[in-house]
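Every chain is numbered from 1, with letters handed out A, B, ... down the list of sequences.
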Amino acid sequence: MIAGPEAYRLKFFLDNGFTRKQCKMCKRNFWTLDPERELCGDSPCVPYSFINNPPTKRSFNIKEMREAFLSFFEKRGHTRVRRYPVVARWRDDIFLTIASIACFQPHVTSGEVPPPFNPLTISQPCIRMNDLDNVGKTGGRHLTIFEMMAHHAFSSKENEVYWKEDTVSYHHEFLTKDLGIPGDEIAYIEHWWEGGGDAGPDLEGIVRGLELSTLVFMQYRKINGAYRELPLRIVDTGYGLERFAWISQGTPTAFETIYGRLFEDLLKISGIERPDPKVLAEATKFAGMMNIVDEGSIRAARERVASTLGMDPASLDSQLKPFEILMAILDHTKTLAFMLGDGIVPSNVQAGYLARLMIRRVKRMMDYAQISKPLSELLAMQVSYWGDQFPELIENLDYIVRVADLEVARYTKTIDQGKSLILRIIKDPEIKRRGALPLNQLIQLYDSHGLPPEIVKAVSEPHGIKVDIPDTFDTMVAELHSSSQSSKKEDEDILQDLPPLPQTELVYYYEPKTKRLKAKVLYSDRTRVILDRTIFYPEGGGQLSDTGSLTVDGRQIRVINVQKSRGIVVHFVEEIAPIKEGTYVECLVDWERRVALMRHHSSTHILLGAARRVLGEHVWQEGAQKSVEKSRLDISHFEKISPSQLREIEVLANKVVQECRPIRAYFEDRNKAEQRFGMRLYQGGVVQGPTIRVVEVEDWDAEACGGIHCSNTGEIGLIKIIRSERIQDGVERIEFVSGEQAIRFIHSQELTLQEISRILNTPAERVEKATAKLMEEFSTSKRQIERLRKILAQRVSTELSLRSEKIGGITLVKGTLEDLSNEDLIPIASQIVERDHNALAILVSKVDGSVVCMAGEGATGRGLNAGKITEVFTRSMGGRGGGKSDVGQGRVPLETLDRFEQSIQSIKNIIEGLNKNKSQ
RNA sequence: GGGCCGGUAGAUUAGUGGCAGAUCACCUGCCUUGCACGCAGGGGGUCGUGGGUUCAAGUCCCACCCGGUCCA
């Protein structure tokens, strides 16, 4: 959809002498004060003209520009809002905050929740990974992390705040009055915006070739290709802070403006030389004109710059390339400082994976630029550079440094191991013969072992193995994964075939201690009962449902499961004859179960608070499950929780239990709760609605949670951690038990110990020592046995050899052995054939009937096959066996041992047959 | 959330269902007054765990544990 021209024909434009024009190059329509203007003013139609020539009345650094913007809007009735984290934990559709409006999606933009202030202004750090490859190559047009300054207004029919006119008027006033940009230099391009399912017309503010801002008027929701009016009309603006500061300074690239002294420091550290500013300025101008950034367009731009400057393209490239890498490093390290600073734990899934991707990418770049300083040090430099504007980064510096070091170590290890893997693979004779690495190997090395093809190439080619990297490599990897896509289970609708019913009154929320309740039946079939109100807690938030009974006319019906959907609670019961509507029943909750569940649930909150205090602020709940017997809490953390940390968490949690802190559960306005407790509220995941239920353990933890809790931590009694495990990279699981279950657990531990102590015949306190000694003895005994076996083998083999029989050139050594089993026979047979290469040894154990047959080199040389012989022999004894030419093993039933000599005779026949064939 | 790869001696690892090996490190002796490369000998393994198939499993099947890695 494209809006008609009336969508952009603003009174503001008409009153102030703007005219609407169409760009001669790109054919887009735009509004301008300059009647002579023919081009829209955006690149690539027009090259950058602000470099060394800023249009503003003075230069602003990042901090000054941000302040100028926010205070401008503050003075005009907007409330300044603190920035949100760069990790979008309140969203389940995106991992990172990609725009200022993302902070208010989906609840505010859908109209469900009012905005915290209206109108508001914010400068929101945003991270976008989609332009990664372009960062550094376009002089600063592409950044992974940037701040989106914005003013937002949310208007509804009842509450009109402001719309297009005021938005553009504010924009124009800010640019012209506060920044001093001449009005006739600002162009407004008409454009249509769509994002995240929302859509609307927008105007792009362009100055001297640079798009500075986007003024979006969100008013449609796109559903199945059709546009429907949104309940709200939302002013969604985005002013690129970095671009504003850049244009005001007119530096050759945006990076000088953004990073100031940090830029100089990194130049020094890397020893990379700054290209001639003229060259740089020229390169940036042309980079700005590239529509699509790829190898081809970069090369073309380079060639043009080179010819403009009268330079050789190759030397221009060698001057610019390291510098571009440096700029990308600046960008990526800032991104990482924010990602880690906001508590992302690197991992192999979700947002954590993006952090890992960044770390590995920037590490490769640092290697290229030969920066020997650790990554963590560059991050620390970023933190100190941005610290005055983002003090929370300084607070989390320890974590940032620690995790960066850890991740780099992991990466280095992966690469090192990978290199030796490559060397092993290319030793393969088939690959050696072809002199090239097959493509599937290359893909597998990347997919399974994380080895980028460039590294494979660099390692293989010195060994004469060619590696072809196809252009479509990334696509091929992607295809590997596309085959089996998500198999999301559709939730069954528990309300299927039901008549429309009112929402159930949730009595358990305000009377959590009520065990009995009279309620009216609104609906019933053979397995489902719906009441007007209930004290049964339905499954949700990781807490299992209550069970219990419903009593009707003295008849008790078991409630086996309770679920909630669209505000209606469904009691699943053992099959019954449906109860008549309007009948009153008495609900009775299985109280023991409920108490166990409550204790476990409250414990989860307490443990989370304890884990956060022991391990750090990056700890978030990744999942939880509370059952009657035990519970588990999954938290984000970057390494295995050590036993001592685990104990510390346990001690701290139990301290909270002993302190008998009140646990309060209450409904609260979403914005108020967020202001009071921050994003920490959303531990359990995305929560819907304008009011949320807050569960607060006094001065310890507060979470948005729908579960039922103890009213006091003391009711839990005891929290005992059972174990912890790593369920995936970056996520640790803590299993624990509370209350009665905790006592039971300790009892069972005790019983185990008592049992061990009984078996070892040692007092419990000395079990440790006794076990260690036992293991020691076990180990020496094993060695002893091996030694004795050798001696035994020596003796027995000699003995048996004395009774050997010569058949042709073969020495047949046979025997049934008492008290010896398979493991003993092997060395004996081995001895025999070692001593006499023409020997064939057949040994049978009288203990377990196992058969070992070995043939010496000479014997096999004559065509004797120990495996075959074993097969024949064991078969004739009624057993089974087989093997290779030099060794065979098998087993025969003990009852048939008296047929031994008989069976040996058939072996003799084979040997003789062999000789006959030979002599013929 | 969906895949893929791997787990064998302290480290790096080989191993067709049939006697668990190599290299480095370690120990002892010799040689050489020593500088990753001298020689000989030696110690060190619950083959991740638990089931199953089999006369026989490091090897095949299943489940679990641990590690790595890619994608969304």
Has A:R891 got a side-chain N or O lying under 4.0 Å from the OP1 or OP2 atom of B:U54?
-> no
Using the P atom in both, what is the distance from B:C39 to B:A25, to the nearest Å?
-> 12 Å
Using atom C1' of each nucleotide, how far apart are B:C5 and B:G41 to the nearest Å?
-> 40 Å
Rounded to whole Å, CG of A:N822 lies from C1' of B:U54 at a distance of 14 Å
Taking the six-membered ring for Trp, are the ring centroids of A:Y84 and A:W90 within less than 6.0 Å of each other?
-> yes
Taking the same atom, P, in B:U8 and in B:G48, what whole-Å distance lies between them?
-> 6 Å
Using the C1' atom on both, measure B:G21 against B:G58 and round to a whole Å.
-> 12 Å
Got a salt bridge between A:K814 and A:E901, using NZ or NE/NH1/NH2 to carboxylate O under 4.0 Å?
-> yes
Roughly how far apart, to the nearest Å, are B:U59 and B:G7 at atom C1'?
-> 14 Å
Does B:C26 have a Watson-Crick or wobble mate here (both distances under 3.5 Å), and if so which one?
-> B:G42
Quick one: A:L843 CG to B:C55 C1', roughly how many Å, whole number?
-> 16 Å
Which residues pass the salt bridge (charged side-chain N to carboxylate O under 4.0 Å, His left out) test with A:R361, sequence neighbours left out?
-> A:D133
Partners of A:H837 by side chain to side chain contact (heavy atoms under 4.5 Å, CB included), sequence neighbours excluded?
-> A:E857
If the C1' atom of B:C19 is compared with that of B:A57, how far apart are they to the nearest Å?
-> 15 Å
Roughly how many Å is it from CG in A:L445 to C1' in B:G68, rounded to a whole number?
-> 13 Å
Strand partner of B:A57, provided both Watson-Crick or wobble distances fall under 3.5 Å | none
Counting side-chain heavy atoms from C-beta on, which of B:C5, B:U54, B:G68 comes nearest to A:D729?
-> B:G68
Measure up the A:F900 and A:F873 rings against each other and bin them: parallel (under 30°), tilted (30 to 60°), perpendicular (over 60°).
-> perpendicular
Here the distance between atom P of B:U69 and atom NZ of A:K419, to the nearest Å, is 15 Å
In chain order, what residues pass the side chain to side chain contact (heavy atoms under 4.5 Å, CB included) check against A:P827, with sequence neighbours excluded?
-> A:R789, A:A793
Considering only atom P, compute the distance from B:U69 to B:C35 and round it to an integer number of Å.
-> 39 Å
Say you pick atom P in B:G2 and the same atom in B:C64; how far apart are they, in whole Å?
-> 13 Å
For B:G6, what is the paired nucleotide under Watson-Crick or G-U wobble rules, both distances under 3.5 Å?
-> B:C66
Return the value, rounded to whole Å, for the distance between atom CZ of A:R410 and atom P of B:U69.
-> 8 Å
Base paired to B:G1 (Watson-Crick or G-U; both N/O distances under 3.5 angstrom) | B:C71
In terms of side-chain heavy atoms of A:Q444, which of B:U69, B:C70, B:C5 is nearest?
-> B:C5
How about A:K457: does its NZ atom have over 12 heavy atoms from other parts shown lying under 6.0 Å from it?
-> yes
Report the nucleotide, chosen from B:C70, B:C55, B:A72, that has the shortest atom-to-atom distance to any side-chain atom of A:Y446.
-> B:C70
Scan A:R360 against the nucleic acid and name what it touches under 4.0 Å (heavy atoms): base, sugar-phosphate only, or nothing.
-> sugar-phosphate
Just how far, in rounded Å, is P of B:A72 from CG of A:N348?
-> 14 Å
Distance test, side-chain N/O of A:T874 to OP1/OP2 of B:C55, below 4.0 Å = no
Whole-Å distance, A:E823 CD to B:A57 P, equals 11 Å
Can you sort out the partners of A:R795 under side chain to side chain contact (heavy atoms under 4.5 Å, CB included), two or more places apart, ordered by chain and number?
-> none
Side chain to side chain contact (heavy atoms under 4.5 Å, CB included) filter on A:D468, not counting sequence neighbours, yields none
Gap between atoms CZ and C1', on A:R880 and B:U53 respectively (whole Å) | 12 Å
For each nucleotide in nucleotides 11-19 of chain B, reading 5' to 3', give B when a protein heavy atom comes within less than 4.0 Å of its base, S when such contact involves only the sugar-phosphate, and - otherwise.
-> --SS---BB
